[in-house]
Amino acid sequence: MKNAKIAEIFETIAGLLEMKGEKIFTVRAYQRAARTIERLPVELDQLVAANADLREIPGIGKAISEKIVEMVGTSQLRYYDSLRAEFPEGILELMHVPGLGPKLTMRAWKELGVTNLDQLESSIHEGTLESLPRMGKKAAENILRHIRFARSEASRIPIARAMPVTETLIADLRAKCASIKTLLAGGSLRRFEETVGDIDLICTSTEPNEVLNALVDMPAVVEVLGHGDTKASVILEDGIQVDLRVVDESHLGALLVYFTGNKQHNIQLRDHANKLGLSINEYGITEIETGEVEEYGDEESLYRRLGLQFIPVELRQGVWEIDAAREASLPDLVTEKDLRGDLHLHTDWSDGRDPLELMVAAARDRGLEYFAITDHSVGRGIANGLSPERIRSQNAELRRIADTMDGPRVLLGTEMDIRADGSLDFPDEVLADLDWVVASVHSAMDQDSVTITERIIKAMRNPHVSAIGHPSTRRIGERQPIDADFEALFRAAADTGTAMEINSNPERMDLKDTHVYRARELGVPLVIDTDAHTVEAMENVRYGVAIARRGWCAPRHIINTMPSAEFMAYLGLPKQDRVWALSENAQPGSH
DNA sequence: GCCGTTTTCGGCCCGACTGTTTTCAGTCG
């Protein structure tokens with residue numbers, strides 16, 4: 001059984017226990033375990049097979065580790081089965097209706113016999129739901145509106161969709177409200193999660209009401225969920241929820257901390273503060289004994305007050321970053337300005353939009369020291385892939401442009417298909433003339449795990465294949481990743497000296513963060529590319545950098561942070577020796 | 001259920017908002 005399934009079962013157990021009225025701390029323990037397992041960089045079944053002690057994982061103790069072992073060994077969990085048997089089928093979808101929590105769900109079931117969405121809807125129309133204690137007409141009507149939401153299985157929004165909406169929203173609010181000092185996205189968007197549940201906006205202003213009113217009055221708002229003195233929640237016409245929180249400038253640091261970390265991070269941070277005799281809220285830190293309140297205008301000083309290193313936003317996931325910050329062992333994460341090259345770019349020779357000259361000029365203007373033009377290979381007929389003849393004429397053209405240009409080093413490259421049988425789209429003699437070869441899977445993505453894993457490893461064994469492009473081939477919210485054994489891929493990549501790409505396209509974000517984390521631990525050479533098909537798409541590098549940071553990568557883990565001369569020397573080495581060259585100064589951390 | 005430079009037992013994050021109530025329970029993030 002895989003981590004995702006195990007996490008889902010613990011999440012369900014938490015929900016059922018909550019309805020049952022179990023101690024809230026037991027519920028939270030299961031929730032915490034679910035979150036941790038979701039983000040674990042290794043599969044639990046492999047840990048169990050290796051006889052590892054699962055209780056070393058934070059939030060996992062005796063009871064939960066025993067349940068994991070049972071699930072891995074027998075593909076089921078007796079405790080879970082018997083717990084589910086106590087509830088009618090479909091009751092969980094009731095609890096997931098916004099506004100219906102565990103208490104109301106239980107009362108609706110026990111007192112009204114409501115066990116699914118249809119019956120809930122009828123009970124509201126018939127007026128029975130509002131007869132429950134502490135319910136009323138208005139509360140019932142609110143729930144009715146939210147049933148529609150629950151039915152549509154309100155899925156999380158890909159960051160590629162949420163980011164432009166947010167940027168427009170911020171620009172609009174700024175234009176309307178002169179009182180705004182700071183306005184930026186918090187929450188999962190600021191942490192660069194691949195999907196977001198809603199858009200959290202953090203604001204400081206001398207006139208909170210001006211900003212809150214401006215949000216609820218925006219034409220794109222179809223529903224106001226809440227509107228108070230410091231916060232407002234709305235739903236936009238495209239179904240995205242926006243939460244806005246406004247405080248005074250003097251509280252900005254505390255608000256940023258409060259509104260950026262995920263739930264687990266915030267809980268652990270406040271727990272850590274409590275042990276120091278301090279209490280954190282969105283306005284500052286309170287000395288519990290004296291009641292004295294300290295204000296924080298920036299995040300750095302707040303973390304410092306807690307005896308912690310500053311924790312970069314991408315790491316605030318409630319895993320082990322607070323422990324690392326206490327020991328001052330957080331890595332010095334890679335930044336956008338550490339990157340000196342982009343090794344995956346397309347032009348209108350294949351399926352890019354812009355001509356070679358424009359892409360080359362844009363790469364130069366971005367200050368890159370080196371870059372590779374990597375149009376598709378002939379097998380991508382639909383993408384106008386290049387034949388060996390065309391790739392030769394493109395390279396002649398590229399050399400001509402490079403000669404007239406002062407500055408960056410231009411690498412001759414390709415993004416070549418790995419065919420279904422693991423053979424490559426170009427013969428070795430064509431590849432031998434190229435400086436940089438990205439090999440990618442673009443077809444037969446539904447092969448079984450063994451087949452597709454061997455297929456990619458076979459490509460890695462070719463001495464000319466420099467990197468594997470967008471290794472999982474997923475498109476967030478649209479296409480599932482291939483069913484490869486990534487642990488095996490990473491070991492093969494480290495073994496053969498093949499780089500694994502961190503593709504910055506926000507629809508891909510591939511490798512993803514937890515894979516990057518594991519690949520780094522195994523000493524895999526990593527390369528951050530944009531895979532830009534237009535000049536503008538080179539901006540996407542920020543997404544790639546964010547994934548690397550979420551995988552705890554320092555510059556030394558990313559090969560295109562090397563200066564040009566060093567990078568060319570690296571490429572000049574036989575592949576096997578490249579790993580060695582990188583790992584010489586690489587010290588993959590214990591975390 | 002987990003966990004320990006205050007604990008192997010007794011704690012466990014914190015506040016805003018709503019709709020129902022006349023002081024607060026439930027939900028949410």
Side-chain angles (χ1 to χ4, degrees), chain A residues 10 13-14 17-19 21-34 36 54-68 79 95-108 129-143 146 186-188 196-202 208 212 216 224-234 241-247 251 254-255 257-286 288-289 306-307 318 322-323 326-327:
Chain A
F10 283 141
I13 289 175
L17 289 178
E18 198 174 7
M19 277 194 282
E22 183 61 72
K23 286 200 308 288
I24 190 64
F25 302 106
T26 308
V27 173
R28 291 215 193 110
Y30 279 106
Q31 282 171 341
R32 183 184 177 196
T36 304
L54 301 179
R55 286 180 296 183
E56 283 174 14
I57 302 168
I60 294 183
K62 184 166 181 293
I64 290 184
S65 73
E66 282 171 0
K67 291 187 172 67
I68 292 171
Y79 174 73
M95 201 175 83
H96 291 144
V97 175
L100 264 196
K103 296 273 167 37
L104 255 173
T105 305
M106 275 307 267
R107 283 212 306 249
L129 191 73
E130 66 189 72
S131 67
L132 290 175
R134 291 197 72 88
M135 281 295 292
K137 209 169 191 60
K138 207 159 178 179
E141 277 169 5
N142 281 338
I143 288 168
H146 291 135
S188 42
V196 305
D198 55 23
I199 295 171
D200 294 316
L201 294 180
I202 299 170
L212 294 165
V216 302
V224 178
L225 298 173
H227 182 186
D229 291 333
T230 67
K231 63 184 278 191
S233 294
V234 301
Q241 180 171 334
V242 180
D243 295 336
L244 170 65
R245 189 71 188 266
V246 193
V247 297
H251 301 124
L255 184 66
V257 169
Y258 172 85
F259 232 156
T260 300
N262 73 359
K263 195 173 189 168
Q264 297 300 327
H265 177 87
N266 286 350
I267 288 174
Q268 289 175 36
L269 195 68
R270 290 176 197 143
D271 185 48
H272 171 77
N274 281 354
K275 289 176 179 149
L276 301 175
L278 304 170
S279 170
I280 313 178
N281 63 20
E282 58 266 56
Y283 301 109
I285 295 180
T286 308
I288 294 173
E289 204 151 296
L306 298 173
I322 291 178
D323 292 334
R326 191 165 42 210
E327 298 163 6

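Per chain, numbering begins at 1; letters A, B, ... match sequence-line order. Given the structure is predicted, the values throughout are model-derived calculations rather than measurements.
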**OP:** Begin with the C-alpha distance, continue with both residues' side-chain angles, and end with the deciding distance and a verdict on side-chain contact (heavy atoms from CB on, under 4.5 Å) for A/Tyr30 and A/Ile64.
**Re:** CA-CA 8 Å; A/Tyr30 279 106; A/Ile64 290 184; 4.0 Å; yes

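For the pair A/Asp243/A/Arg245, no side-chain contact is recorded, criterion being any heavy-atom separation below 4.5 Å from C-beta on.
Computed from coordinates, the A/Phe25 CZ to B/dT7 P distance equals 20 Å when rounded to whole Å. For the pair A/Glu289 CD and B/dT6 P, the interatomic distance rounds to 14 Å; values are reported in whole Å. Whole-Å rounding puts the A/Gln264 CD to B/dC2 P distance at 14 Å. Atoms CG (A/Asp271) and C1' (B/dC2) sit 11 Å apart, rounded to a whole Å. Between the NE2 atom of A/His251 and the P atom of B/dC14 there is a distance of 17 Å, given to the nearest Å. Atom pair A/Leu244:CG and B/dC17:P shows a separation of 11 Å (rounding to whole Å applied). Rounded to an integer number of Å, the gap from CD1 of A/Ile285 to C1' of B/dC14 is 14 Å. Note: NZ (A/Lys275) to P (B/dG4) measures 7 Å, nearest angstrom.
A/Asp198 pairs by the side-chain hydrogen bond (donor to acceptor under 3.5 Å, both in side chains) definition with nothing, not counting sequence neighbours. Take A/Lys137 and apply the salt bridge (Lys or Arg N to Asp or Glu O under 4.0 Å) test, not counting sequence neighbours, and it matches A/Glu130.
Remark: the separation of the P atoms in B/dG10 and B/dG15 is 26 Å, to the nearest Å. Separating the C1' atom of B/dC14 from that of B/dC9 is a span of 25 Å, rounded to the nearest Å. B/dC12 and B/dT7 have their P atoms separated by 15 Å, given to the nearest Å. Taking the P atoms as reference points, B/dG11 lies 32 Å from B/dC17, given to the whole Å. For the C1' atoms, the distance from B/dT21 to B/dA25 is 10 Å, rounded to whole Å. Straight-line distance between the C1' atoms of B/dT27 and B/dT20: roughly 13 Å, to the nearest whole Å. Between the C1' atoms of B/dT22 and B/dT18, the separation comes to 16 Å (whole Å).
Counting any heavy atom pair closer than 4.0 Å across all strands shown, A/Ile24 reaches no nucleic acid atom. Across all strands shown, A/Thr230 has heavy atoms under 4.0 Å from sugar-phosphate atoms exclusively, and none from any base. Among the protein residues, A/Glu282 comes within range of the sugar-phosphate backbone only, with heavy atoms under 4.0 Å from sugar or phosphate atoms but none that close to a base. A/Asn266 comes within 4.0 angstrom of no nucleic acid atom, judged by non-hydrogen atoms across all strands. A/Ser233 comes within contact range of no nucleotide atom at all, as no heavy-atom separation falls under 4.0 Å. Contact annotation for A/Lys23: base contact, defined as any heavy-atom pair under 4.0 Å involving a base atom. Within 4.0 Å of A/Arg245, counting heavy atoms only, lie sugar-phosphate atoms of the nucleic acid but no base atom.
Using Watson-Crick or G-U wobble geometry with both donor-acceptor distances under 3.5 Å, B/dC17 finds its partner in B/dG26.
A donor-acceptor contact shorter than 3.5 Å is absent between the side chain of A/Asn274 and the backbone of A/Gly277. Checking side-chain atoms of A/Arg107 against main-chain N and O of A/Pro133 turns up a donor-acceptor pair under 3.5 Å. A/Thr260 contributes no side-chain N or O that, together with a main-chain N or O of A/Val257, makes up a donor-acceptor pair within less than 3.5 Å. Proximity of a side-chain donor or acceptor of A/His272 to a complementary backbone N or O of A/Leu306 within less than 3.5 Å is detected.
Nearer to the 5' terminus of DNA chain B, by closest-nucleotide assignment, is the contact made by A/Pro58 (compared with the other of A/Leu278 and A/Pro58).
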Subject >> Protein-to-nucleotide contact annotation, 5' to 3' order, nucleotides 18-29 of chain B [B base; S sugar-phosphate only; - none; under 4.0 Å, heavy atom] >> reply: SBB---BB-SSB

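Within the 4.0 Å cut-off from OP1 or OP2 of B/dC14, at least one side-chain nitrogen or oxygen of A/Asn274 is found.
Using a 30° and 60° split on the angle between ring planes, A/His251 and A/Tyr283 fall in the perpendicular class, above 60°.
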